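Values below: every heavy atom of this structure, side chains too, minus hydrogens, waters and symmetry copies. Keep in mind that what you see is a predicted model, and the values were worked out from it rather than measured.
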Amino acid sequence: EPLPADAVRVSVPAGGSRLRPVLVDPQGPDWGVKAPRDRFAVEPDGTVPHLDDFGPVLYGTGRAAWRTTPTLAVTYPAAGRFIVRVSEAAHGVLEIDLDGKPALRDDSLDAPRTSVDRDCALDVPAGRHEITLRNAGSDWLRLGHVLLTDYRDAARYPDLDVYGLRSDRIAILWFHHRLNEWAYRALGFEPAPAEGAAATVLGLPDGEYGVAWWDAYRGAVTATESKPCRGGALALAVPPVATDVACMVRREV
C-alpha cells in the first residue's frame, strides 16, 4: 500500500538558512473555462494548495466571461524575485500588482498571436505580500510558470521528497531531489547534492531489517546494511542525493 504522507520524517543537519527557488506550474482549467478560484497561497515549504484551480490562461477584457485575476499570497524569508514566464500571447497586456499597487506592465505582448517565452520579473522585499496577475489587453496570455527565487528554506523544508510503498515486512522508498526537474534545470538551477539527511520510517513492526540502497538511474544496489526498528520507528542515514536514490527495507527478524 502507498506510504502515508506522514510515514517518513526527513531531517537535515543544522547550518543556517539555505534558500531555494519554488516553481508554480498552473494546473487548472485551460481554454474557454473560467478558473473556479483566484486566490492562492504559496506555502513556506513550496506547496500551493488548490493548484489545480489555477488556470494557465489569463483572459483580457474581450473575454470577460472567462476572466479572472489570480492573486498569490507569498511570504519571502528574504528579498527575492517573482518571475512570470509568458509562453504565448494574443493582444495581451500583462500587469502585476504588488500589495495592491502597480509594479509591472508589459504592453509589448499586445500583438497578434505569437509564441514569446518571455520572463517578466519584479523584485519582492522580504515578508508577506499579495501579488496579483492581470491581463489588461483584449484577448489572452498563456502562462508557462511562475518562479519565486530565494523562497523555500531548505534547512526547515529539506530538498528531498519521499514516496514509497509498504507491506507487513517490506518498505520501498524513493528519495527525490526537489530541484532535479527539467523546469528548474532549464532555468539554470543546478541542484547541489542533499547531504547528511536522516529519515525515520514510522509504522513498521519492530525487528531487524536489511536495507539495500539503489542507484535508480543504473538500477543497481550501491550499499547494504542492517538496521533495527524499535517502537515502530526505523532510522536511516540517507546517502548524498544529487538526483534521486531508492532503498528497499526488508524485515529479517
> Connecting only ILVMFWY residues whose side-chain heavy atoms lie within less than 4.5 Å of each other, what is the rest of L236's hydrophobic cluster?
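Besides L236, the hydrophobic cluster comprises L3, V8, V10, L160, V162, L173, F175, V201, L204, Y209, V211, W213, L234, V238, V241, V245, V249, listed by chain and residue number.
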> Please find the pair of heavy atoms, one from W174 and one from D244, that lie closest to each other, and give the distance.
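Taking every non-hydrogen atom into account, NE1-OD2, 2.8 Å.
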> Applying side-chain hydrogen bond (donor to acceptor under 3.5 Å, both in side chains), can you list everything that pairs with W140, at least two apart in sequence or on another chain?
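Scan of W140 (side-chain hydrogen bond (donor to acceptor under 3.5 Å, both in side chains), adjacent residues dropped) gives none.
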> Quick check for you: to the nearest 0.5 Å, what is the distance between L141 atom CG and L133 atom CG?
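Rounded to the nearest 0.5 Å, the CG-CG separation comes out at 10.0 Å.
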> Output the distance between atom CG (D107) and atom CG (L94), rounded to the nearest 0.5 Å.
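Rounded to the nearest 0.5 Å, the CG-CG separation comes out at 10.0 Å.
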> Looking only at atom types and distance, does a side-chain atom of D99 sit under 3.5 Å from a main-chain N or O of E130, one as donor and one as acceptor?
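Confirmed, D99 side chain pairs with E130 backbone.
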> Do R134 side-chain atoms and D97 backbone N/O form a donor-acceptor pair below 3.5 Å?
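Looks like no, no N/O pair under 3.5 Å.
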> Short question: side chain of R113, backbone of A90 - any donor-acceptor pair under 3.5 Å?
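Pair absent, no side-chain N/O of R113 close to backbone of A90.
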> About how many Å separate CD1 of I172 and OG of S167, when rounded to the nearest 0.5 Å?
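Taking OG in S167 and CD1 in I172, the distance rounds to 8.0 Å.
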> Does L109 belong to the same Ile/Leu/Val/Met/Phe/Trp/Tyr cluster as L122, with side-chain heavy atoms less than 4.5 Å apart forming each link?
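Yes, one cluster joins them.
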> Would you say the side chain of L72 lies within less than 4.5 Å of the side chain of F82, judging by non-hydrogen atoms?
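The answer is yes; the side chains approach within 4.5 Å.
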> A side-chain contact here means heavy atoms from C-beta on lying under 4.5 Å apart; do R128 and T75 qualify?
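They are in contact (side-chain heavy atoms under 4.5 Å apart), so the answer is yes.
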> Got V48 and F54 here, is their nearest side-chain heavy-atom distance under 4.5 Å?
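With C-beta onward as the side chain, the pair stays apart.
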> Under the criterion side-chain contact (heavy atoms from CB on, under 4.5 Å), I'd like the reasoning laid out for D106 against R118: C-alpha separation, chi angles, the key distance, then a yes or no.
CA-CA 10 Å; D106 191 334; R118 179 175 304 166; 3.5 Å; yes
> Do the charged groups of R63 and D139 touch, with an N to O distance under 4.0 Å?
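Yes, this pair counts.
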> Would you say that more than 12 heavy atoms from the other residues, nucleotides or ligands in this model lie under 6.0 Å from the CG of D168, or not?
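Counting other residues, nucleotides and ligands, CG of D168 stays at 12 neighbours or fewer.
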> Please report the closest heavy-atom contact between A192 and H177, naming both atoms and the distance.
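Reported closest heavy-atom pair: O-NE2, 2.9 Å.
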> With sequence neighbours excluded, give me every salt bridge (Lys or Arg N to Asp or Glu O under 4.0 Å) pair touching residues 171-186.
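Matches after skipping sequence neighbours: D161-R178, R185-E190.
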> Could you list who else is in L179's hydrophobic cluster, with ILVMFWY side chains joined at under 4.5 Å, directly or through other members?
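The other cluster members (ILVMFWY side chains, heavy atoms under 4.5 Å, direct or chained) are L23, I83, L147, Y184, L187, F189.
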> Any side-chain heavy-atom pair from R166 and E1 closer than 4.5 angstrom?
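A side-chain contact under 4.5 Å exists here.
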> Counting only N and O atoms by type, is there a donor-acceptor contact under 3.5 Å from the side chain of N135 to the main-chain atoms of V93?
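Between the backbone of V93 and the side chain of N135 there is a qualifying donor-acceptor contact (under 3.5 Å).
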> May I ask you to decide whether D159 forms a salt bridge with R18, counting only side-chain N to carboxylate O separations under 4.0 Å?
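Salt bridge: no.
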> Look up atom CG in D119 and atom CZ in R85, then write down how far apart they are to the nearest 0.5 Å.
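Result: 4.0 Å between the selected atoms.
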> Tell me the closest heavy-atom pair linking G207 and R230, and the distance in Å.
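Looking at all heavy atoms of both residues, the shortest contact is O-NH1, 3.5 Å.
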> Do you know which two heavy atoms are closest between P26 and H145, and how far apart they sit?
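So the two residues come closest at CD-CA, 4.1 Å.
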> Between D206 and G232 (side chain of the first, backbone of the second, donor and acceptor by atom type, cut-off under 3.5 Å), is there such a pair?
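A pair under 3.5 Å: yes.
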> Which heavy atom in L202 sits nearest to a heavy atom in A233, and how many Å separate them?
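Looks like CD2-CB, 3.9 Å.
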> Taking the side chain as C-beta and beyond, is there a heavy-atom pair between P77 and L19 under 4.5 Å?
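Yes, their side chains come closer than 4.5 Å.
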> Under a 4.0 Å threshold between the charged nitrogen and the carboxylate oxygen, would R169 count as salt-bridged to E252?
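Between R169 and E252 there is no salt bridge, as every charged N stays at least 4.0 Å from the carboxylate O atoms.
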> The test is salt bridge (charged side-chain N to carboxylate O under 4.0 Å, His left out); show your working for R251 and E208 and say whether it passes.
CA-CA 6 Å; R251 188 178 181 186; E208 298 296 323; over 6 Å; no
> Quick one: are R152 and P44 in side-chain contact, heavy atoms under 4.5 Å?
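No, their side chains stay 4.5 Å or more apart.
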> Verify, without hydrogens or angle tests, whether S226 (side chain) and G210 (backbone) share a donor-acceptor contact under 3.5 angstrom.
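Pair absent, no side-chain N/O of S226 close to backbone of G210.
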> Who pairs with R37 by side chain to side chain contact (heavy atoms under 4.5 Å, CB included), at least two apart in sequence or on another chain?
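Residues passing side chain to side chain contact (heavy atoms under 4.5 Å, CB included) with R37: F40, H50, D53.
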> Checking the side chain of Y151 only, and the main-chain atoms of D45 only, is there a donor and an acceptor separated by less than 3.5 Å?
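Such a contact is absent between Y151 side chain and D45 backbone.
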> Would you say T149's side chain and R81's backbone share a donor-acceptor pair under 3.5 angstrom?
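Between the backbone of R81 and the side chain of T149 there is a qualifying donor-acceptor contact (under 3.5 Å).
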> Charged N to carboxylate O under 4.0 angstrom, R142 versus D30?
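Salt bridge between R142 and D30, a charged N being under 4.0 Å from a carboxylate O: yes.
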> For V74, run the side-chain contact (heavy atoms from CB on, under 4.5 Å) check against V146, L98, V42 and tell me which one passes.
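Of V146, L98, V42, side-chain contact (heavy atoms from CB on, under 4.5 Å) with V74 is met by V42 alone.
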> Under the ring pair (Phe, Tyr, Trp, His ring centres under 6.0 Å) rule, collect the residues that match up with H129, sequence neighbours excluded.
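Ring pair (Phe, Tyr, Trp, His ring centres under 6.0 Å) check on H129 returns nothing, list empty.
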> Mind checking the CE-CZ spacing from M248 to R250? Nearest 0.5 Å is all I need.
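The CE atom of M248 sits 5.5 Å away from the CZ atom of R250.
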> List the atom of R67, the atom of G60, and the distance in Å for their closest heavy-atom pair.
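Nearest pair, atom of R67 first, then G60: CD-O, 3.5 Å.
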> Count I, L, V, M, F, W, Y as connected when their side-chain heavy atoms are under 4.5 Å apart, and connections chain through other members. Are L143 and W66 then in the same cluster?
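Different clusters.
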> Out of curiosity, D52 CG to Q27 CD, how far, rounded to the nearest 0.5 Å?
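It is 8.0 Å, given to the nearest 0.5 Å.
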